[in-house]
K.L.:
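Mind having a look at this structure? Questions to follow.
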Amino acid sequence: MLARGTFLFALAAAPAVALNVPVGAGAGTCMQARRGVLGGAAAIFVSQLTRSAASAYDTIPEAAPDFAEAERKRKERELVVKKETEALMPYVKKIEATTTAEEFEKVRA
């Protein structure tokens, strides 16, 4: 909301700040004055866009680590790995005991 108020104030003040109308014999056209106002308003608008986009990253959320939970999950994974290893060991022992291609094919099937 503050950015919108700042933008509106800057937009209202832009003609007074950005408008530099020459006076006298070599005075510019009305179109040059309009371009000056629009250019100043566009510059203010772009600066407000970039500032508001950057404000989204002003704070970084903090994550509190839960070491007890991480340790519990690690132990659960270890148990799963141990069970899977125990289930595979009989097959590994049979394969290791083979000495010929025919024995290997019988064990593999």
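Only a predicted model underlies this, so the values are computations on that prediction, with no experimental measurement involved.
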K.L.:
Minimum heavy-atom separation for F104 to I95, with atom names?
P.N.:
CE1-CG2, 3.7 Å

K.L.:
Check K94 against V107 and note the closest heavy-atom contact, atom names and distance.
P.N.:
CB-CG1, 3.6 Å

K.L.:
Between E71 and R74 (salt bridge meaning N to carboxylate O under 4.0 Å), is one present in this structure?
P.N.:
yes

K.L.:
Do NZ/NE/NH1/NH2 and the carboxylate oxygens of E102 and K106 come within less than 4.0 Å?
P.N.:
no

K.L.:
Does E78 pair with K75 as a salt bridge, N-O distance under 4.0 Å?
P.N.:
no

K.L.:
Determine, stepwise, if the pair K93 / E96 fulfils salt bridge (Lys or Arg N to Asp or Glu O under 4.0 Å).
P.N.:
CA-CA 5 Å; K93 289 191 186 289; E96 287 176 345; 5.8 Å; no

K.L.:
Could you tell me whether E86 and K83 make a salt bridge, using a distance below 4.0 angstrom between a side-chain N and a carboxylate O?
P.N.:
no

